Amino acid sequence: MTHRHLIAITLAALSFSAAAHVGDAHDHGGLLMGFLHPITGLDHLAAMLAVGVWSAMTTRRLWVAPVSFASLLLAGALMAQAGVAFPAIEPMIAASMLVVGLLLAAQVKLPEAAGAVLVGAFALFHGAAHGQELADGAALAGMVLGTALLHAVGIGLGLGMKRASQWLPRVVGAIVALMGLNMAWGLLTS
């Protein structure tokens with residue numbers, strides 16, 4: 001990866017604006033719509049891939065944090081659909097990108113349980129955002145499948161980066177963290 005590629009990726013991350021989730025009830029239903037939902041939102045996509053990459057780079061049981069994320073994502077969605085009000089959903093999604101990006105950039109190794117709790121707490125907010133938008137059980141199942149796929153891809157990327165470069169995962173983490181900062185800035189200035 002050349003400096004030009006890194007500059008282009010960084011500029012794309014910085015140009016990313018906060019995606020509005022809360023209040024965007026589009027009544028998305030069905031397995032396919034749910035599956036595509038986390039994949040088509042750049043903030044969710046980046047966070048979920050970063051969880052997989054970070055887990056692959058820093059733990060032996062690389063599935064623990066992703067399973068926690070997917071499980072608590074579903075819990076957050078179900079809670080939101082049941083009427084549980086989550087405060088500051090968008091700021092917490094921005095914070096998740098910032099924190100997971102920094103963990104990846106710094107190659108922070110947490111005990112597996114602590115990493116699972118940390119990403120799981122953020123997943124509740126990602127799930128609440130999705131839960132307010134998705135219409136039915138099939139869509140929620142699709143959301144969990146899409147999330148699991150993103151985590152698996154992230155794990156694969158992380159394992160590949162682990163063998164290929166010590167700096168590439170750090171750069172990727174920094175870009176995800178910048179995306180989180182940019183999203184937070186967008187929320188503050190809107």
Side-chain angles (χ1 to χ4, degrees), residues 1 9 13 31 34-80 84 86 89 92-131 134 137 139-181 183:
M1 183 174 286
I9 291 170
L31 186 68
F35 180 81
L36 293 174
H37 206 72
I39 295 171
T40 58
L42 187 56
D43 50 349
H44 295 290
L45 176 73
M48 292 174 198
L49 286 172
V51 166
V53 173
W54 173 67
S55 186
M57 299 292 299
T58 62
T59 65
R60 283 185 317 177
R61 293 187 317 168
L62 44 89
W63 54 270
V64 174
V67 167
S68 173
F69 192 104
S71 300
L72 289 168
L73 175 84
L74 178 59
L78 291 171
M79 291 168 65
V84 175
F86 282 77
I89 291 174
M92 289 301 292
I93 290 172
S96 74
M97 294 169 60
L98 175 62
V99 170
V100 174
L102 290 174
L103 289 172
L104 179 56
Q107 297 294 292
V108 175
K109 294 181 181 186
L110 296 176
E112 288 168 354
V117 168
L118 177 66
V119 300
F122 286 130
L124 284 170
F125 291 89
H126 283 267
H130 288 307
L134 299 175
L140 292 178
M143 173 194 67
V144 173
L145 289 173
T147 297
L149 175 66
L150 290 173
H151 288 320
V153 168
I155 288 169
L157 290 170
L159 291 173
M161 283 188 241
K162 194 174 190 177
R163 286 180 232 132
S165 168
Q166 66 177 343
W167 289 105
L168 184 56
R170 294 177 189 276
V171 170
V172 170
I175 290 168
V176 172
L178 285 172
M179 291 172 70
L181 279 175
M183 182 178 180

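Position 1 is the first residue of the sequence, and the numbers go up from there. These numbers come from a predicted model, not from an experiment.
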Separation between CE of M179 and CG of L45, rounded to the nearest 0.5 Å: 7.5 Å
By side chain to side chain donor-acceptor pair (under 3.5 Å) - contacts of R170 (at least two apart): none
Atom of G76, atom of F86 and distance for their closest heavy-atom approach: O-CE1, 3.9 Å
Closest non-hydrogen atom pair between A47 and S96, with its separation: CB-OG, 4.3 Å
T59 vs V64 side-chain heavy atoms within contact, under 4.5 Å: no
Nearest heavy-atom neighbours spanning S68 and G120: OG-CA, 3.7 Å
Student check: side-chain heavy atoms of L145 and L31 closer than 4.5 Å: yes
Pairs meeting criterion ring pair (Phe, Tyr, Trp, His ring centres under 6.0 Å) with involvement of residues 56-76, two or more places apart: F69-H126, F69-H151
W54 side chain near V119 side chain, heavy-atom distance below 4.5 Å: yes
Chi angles and distances behind the side-chain contact (heavy atoms from CB on, under 4.5 Å) call for V53, V176: CA-CA 11 Å; V53 173; V176 172; over 6 Å; no
Distance in Å, L78 CG paired with L73 CG, rounded so as to fall on 0.5 Å steps: 9.5 Å
Which atom pairs, one a donor and one an acceptor, fall under 3.5 Å between side chains of residues 153-169 and the rest of the protein, sequence neighbours left out?
residue	atom	partner	partner atom	Å
K162	NZ	A56	O	3.4
S165	OG	W167	N	3.1
S165	OG	L168	N	2.9

Nearest atoms (heavy-atom pairs only) where L72 meets A121: CD1-N, 4.5 Å
Nearest heavy atoms of A174 and A105, plus distance in Å: N-CB, 3.7 Å
Residue pair S55 / L62: nearest heavy atoms and the distance that separates them: OG-O, 2.5 Å
M143 vs L140 side-chain heavy atoms within contact, under 4.5 Å: yes
Aromatic plane relationship, H130 with H44 - under 30° parallel, 30 to 60° tilted, over 60° perpendicular: tilted
Straight-line distance of M97 CE to M48 CE, nearest 0.5 Å: 11.0 Å
Pairwise side-chain contact, L150 with I39, heavy-atom cut-off 4.5 Å (strictly under): yes
